[in-house]
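Owing to the predicted nature of the structure, the values given are computational and were not obtained by experimental measurement.
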Amino acid sequence: MSTETAHLDIRGMSCANCSQTITDALESRDGVAEANANFATDDGTVAYDPETITLAEIYETIDEAGYEADRTSRSIGITDMSCANCAETNETALESVPGVIDAEVNYATDEATVTYNPADVSLESLYEAIEEAGYTPVRDDGGAESDQERRDAARQAETRKQLRLTILGAVLSAPFLFFLADTFLFGGTYVPEAVFGVEFGWVEFLLATPVYVLLGREFLANSYTALVRNRTANMDVLIALGSSTAYVYSLVVLLDLLAGNLYFDTAAMILVFITLGNYLEARSKGQAGDALRKLLEMEAETATLVDDEGTEAEVPLEDVAVGDRMKVRPGEKVPTDGVVVDGQSAVDESMVTGESVPVEKGEGDEVIGSTINENGVLVVEATKVGSDTALQGIVQTVKEAQSRQPEIQNLADRISAYFVPAVILNAMFWGLIWFFFPTTLAGVVDAVPVLDLVGGGPDALSTFEFAIVVFASAVLIACPCALGLATPAATMVGSTLGAQNGVLFKGGDILERARDVDTVVFDKTGTLTTGEMTLTDVVALEGRDTDAVAADGGEPTADGGTLATRPGLDEDAVLRLAASAERNSEHPLAQAIVDGAADRGLELADPEDFENVPGQGVRTTVEGRDVLVGNRRLLEGAGVDPEPAADEMERLEREGKTAMLVAVDGAVAGVVADADTVKDSAADAVAALRERDLDVMLLTGDNERTARAVAERVGIDPDNVRAGVLPEDKADAVEDIQSTGRKAMMVGDGVNDAPALAVAHVGTAIGSGTDVAIEAADVTLMRDDPLDVVKAIRISEATLAKIKQNLVWALGYNTAMIPLASLGLLQPVLAAGAMALSSVSVLSNSLLFRRYTPDRDYELLGRLRR
């Protein structure tokens with residue numbers, strides 16, 4: 001048993017019991033020989049058998065124990081990859097480095113995303129692993145250039161190299177076109193059999209050899225690395241086999257070692273076609289990433305800082321620090337994320353949120369870096385700089401999404417892994433069959449009128465020569481590069497398209513999952529409604545003050561009073577006590593009550609013994625009086641009968657308002673009600689989702705009547721309303737919905753929505769939500785528009801449709817062409833051209849996806865509804 005030792009920095013330990021918990025958890029796993037965690041130094045060591053347990057599983061064990069081991073994720077550009085098999089080879093090489101937790105390599109973006117233990121892994125060791133696998137990493141040389149700039153430079157250099165090779169090969173191979181035309185069109189009239197006494201075949205050799213050496217060298221070297229060092233077969237192996245077969249066979253014939261025709265033209269033109277395909281592929285890859293690069297280019301280069309004395313100084317963007325104040329004039333870009341401290345203007349946020357209408361900004365409003373100030377002058381205080389800004393966060397999210405491929409990619413990867421060996425075996429099989437049974441096979445093919453053997457078949461060529469032609473054609477026609485590009489190319493465009501429209505997917509797997517959603521569950525407050533509560537009603541219940549009751553000879557009952565002894569408070573008194581009780585609460589309902597009291601000029605008191613009861617309300621003491629403000633459950637739990645206020649509560653809730661009971665000294669004194677405005681687009685969003693045959697549900701902690709009133713206004717079926725759900729129970733409610741086999745998308749915005757977002761098939765955080773909700777979600781909507789839920793689903797559907805189109809192109813091409821090549825119906829040079837065309841067609845199809853408009857259908861629906 002081989003043993004590796006991992007040295008881990010562990011966060012979250014607060015005592016010796018914590019370290020023992022981690023040690024016990026690790027040593028309980030099969031494959032862990034020894035584990036130690038040190039509370040004093042916040043580190044640990046684990047000796048384990050990598051064949052029994054992976055480092056990723058060790059990290060997962062620590063996470064499950066409630067602690068966190070330090071890890072780092074790094075993107076590394078890789079050049080020289082030619083197919084999905086190359087990506088898999090790099091993944092295997094990187095994951096073999098001790099300390100690497102996980103590695104994902106994307107052939108379409110030429111990038112590896114590596115998660116590793118920084119205590120055991122250096123960046124240089126990752127570079128070396130890639131180089132030992134036979135590929136070239138884009139190294140961080142410590143210069144001023146960013147990772148993205150280095151990768152762009154490497155990709156541009158690769159594109160230029162492929163273009164140079166294509167032009168060189170085309171110039172040297174151009175005479176072959178004339179030779180072929182003379183042979184097939186003019187019967188060999190113009191091409192002599194000898195030039196200056198030298199056999200013309202040597203002229204072809206002199207033209208083809210530089211092409212074979214210069215263009216074929218890379219394929220030959222990569223084939224050697226793949227077969228000998230990595231013990232795998234990739235696209236380069238097929239190209240090297242096809243071109244070398246034609247070249248070597250021709251050389252043998254030229255040396256009079258074998259009788260037959262020369263195929264130097266085929267060997268040269270195969271490499272020219274393939275290199276042209278590589279150039280077009282590299283160019284298309286660059287175009288697919290243009291949108292993301294343009295997003296980065298939108299960053300401001302400088303900022304105008306202002307001090308307390310009003311002095312202005314223009315500085316580079318990287319010199320801006322949190323807390324600095326920046327002046328943003330009309331037409332200028334907001335340098336970085338911040339909050340407006342002075343001025344008023346409209347800001348164009350379309351490049352981040354996809355919203356074309358400028359947003360009004362004033363003092364206290366947040367602004368996003370790189371958005372454009374339209375008119376007035378703003379003074380903005382920087383709150384986030386550098387990699388912490390929203391724009392950089394969007395770019396990083398898109399990159400991560402592109403590195404995480406959909407499940408459908410696993411199918412393509414499994415096919416690619418076995419495809420190349422299967423192709424070689426198929427080519428060898430048919431080559432041998434044609435060699436041993438030429439007459440029989442030719443008779444079968446000739447029996448089909450529409451088929452015609454290339455080169456005249458075994459009757460015109462020797463059986464060995466024709467077998468060589470079939471072998472070369474069958475090898476070349478089946479290169480799996482198109483198959484490897486089908487999924488990542490579409491995912492790359494789809495995730496970038498989402499970012500341009502204000503929809504951020506955490507991964508390609510999320511893009512795939514969103515398409516399968518059949519139920520959309522909305523939180524109410526802040527999601528379908530604005531979340532901006534306003535005090536609308538104050539109702540004081542009739543009754544008599546307890547002092548007045550005593551003066552009349554009556555006495556309050558021990559349980560807090562009856563109808564006759566209910567506190568006789570007017571509306572202002574009820575509101576004043578309720579607002580005083582809610583002063584220490586941060587809940588939007590509470591803030592609306594406090595603001596309403598302030599608007600009426602009421603002077604509030606400081607509450608004592610304040611207690612917040614989650615999902616129910618508050619309990620406190622105000623000026624010596626016991627005050628409860630909340631729902632029926634709060635009062636019933638305190639032994640207060642809410643029945644006297646039942647009629648008023650029902651009336652207010654039917655109007656869609658959130659009504660709260662106010663109890664004073666053990667008896668109901670009144671009712672206060674807040675109202676939340678339903679978002680303008682909420683009804684259109686629900687209608688668009690129902691139009692797509694999706695079930696739409698409402699999940700809220702609010703009461704039944706208010707929830708149903710909101711549901712009715714937006715078009716949700718009353719049977720699909722779940723009201724009175726406590727924050728800690730929302731996740732259980734989503735799981736209950738999914739227990740029937742449904743695949744739910746939960747849409748929420750608050751901290752209390754985070755657990756529900758995490759357990760949903762797809763968790764979606766609306767952009768105005770909290771950081772906790774966004775962190776737990778799979779999809780983040782940059783705007784607070786419910787219609788963007790439809791946009792997310794449409795982008796998901798369109799991306800998966802594009803992936804399937806690409807797979808049909810790739811697999812359909814191979815399915816149709818391999819039999820033709822195996823039956824001797826394709827010249828090798830035509831097979832090479834068709835193979836190159838297949839990759840370009842897949843990339844072109846993905847690039848066309850950039851024109852997709854995800855909001856077209858629900859805009860039309862909205863116009864029809866209005």
Side-chain angles (χ1 to χ4, degrees), residues 106 108 354 397-398 400-413 486-522 685-697 734 737-738 740-748 757-766 777-782 785-811 842 845-846 848-859 861:
N106 191 324
T397 299
V398 173
E400 290 174 2
Q402 292 173 354
S403 69
R404 288 168 50 182
Q405 293 300 316
E407 184 64 28
I408 196 172
Q409 175 65 20
N410 293 336
L411 171 64
D413 288 344
T487 297
T491 302
M492 180 167 58
V493 176
S495 54
T496 306
L497 183 69
Q500 290 175 321
N501 285 273
V503 179
L504 299 182
F505 295 92
K506 278 194 174 178
D509 51 335
I510 306 301
L511 264 170
E512 184 176 37
R513 264 193 268 160
R515 179 205 57 166
D516 297 329
V517 164
D518 53 29
T519 303
V520 178
V521 183
F522 283 103
V686 172
L689 291 169
R690 296 184 67 173
E691 193 73 17
R692 304 174 73 84
D693 293 326
L694 299 176
D695 282 340
V696 184
M697 305 185 73
V734 172
I737 291 169
Q738 295 185 142
T740 60
R742 297 187 183 197
K743 294 180 178 178
M745 173 185 281
M746 173 68 194
V747 186
L757 295 175
V759 302
H761 183 68
V762 177
T764 301
I766 207 151
D778 301 308
V779 180
T780 299
L781 308 179
M782 296 301 293
D785 188 348
L787 268 173
D788 284 354
V789 173
V790 190
K791 188 183 290 185
I793 294 174
R794 288 203 74 218
I795 291 174
S796 170
E797 291 178 342
T799 302
L800 266 292
K802 188 61 66 174
I803 289 173
K804 288 181 178 179
Q805 288 175 17
N806 286 347
L807 289 174
V808 167
W809 273 102
L811 292 173
V842 164
N845 189 44
S846 298
L848 288 173
F849 186 31
R850 294 186 298 178
R851 303 177 183 177
Y852 178 72
T853 306
D855 53 3
R856 186 180 304 151
D857 67 343
Y858 61 73
E859 282 184 351
L861 179 64

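Using a 4.0 Å cut-off between charged nitrogen and carboxylate oxygen, Arg513 and Asp516 do not count as a salt-bridge pair.
In this structure the side chain of Phe522 reaches within 4.5 angstrom of the side chain of Leu689, judged on heavy atoms. The side-chain heavy atoms of Val503 and Leu781, taken from C-beta on, include a pair separated by under 4.5 Å. Residues Asp785 and Lys791 are not in side-chain contact: their nearest non-hydrogen atoms beyond the backbone lie 4.5 Å or more apart. Taking 4.5 Å as the limit, some side-chain heavy atom of Asn806 sits within range of a side-chain heavy atom of Ser846. When side chains are defined from C-beta on, Asp788 does not count as touching Met782, because their heavy atoms never get closer than 4.5 Å.
Applying side chain to side chain contact (heavy atoms under 4.5 Å, CB included) to Thr519 and the options Met697, Gln738, Lys743, Met746 leaves one that passes, Met697.
Note that the CD atom of Glu512 and the CD1 atom of Ile803 stand 7.0 Å from one another [nearest 0.5 Å]. From Thr764, atom OG1 reaches atom CD1 of Ile510 across 9.5 Å, with rounding to the nearest 0.5 Å.
Between Ala798 and Tyr852, the shortest heavy-atom distance links the atoms CB-CZ, 3.5 Å.
With hydrogens and angles disregarded, a donor-acceptor distance shorter than 3.5 Å links the side chain of Arg794 to the backbone of Pro854. Proximity of a side-chain donor or acceptor of Ser495 to a complementary backbone N or O of Thr491 within less than 3.5 Å is detected.
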For this session: Evaluate the criterion side chain to side chain contact (heavy atoms under 4.5 Å, CB included) for residue pair Phe505 and Ile795; output intermediate values, then yes/no.
Result: CA-CA 10 Å; Phe505 295 92; Ile795 291 174; 3.9 Å; yes
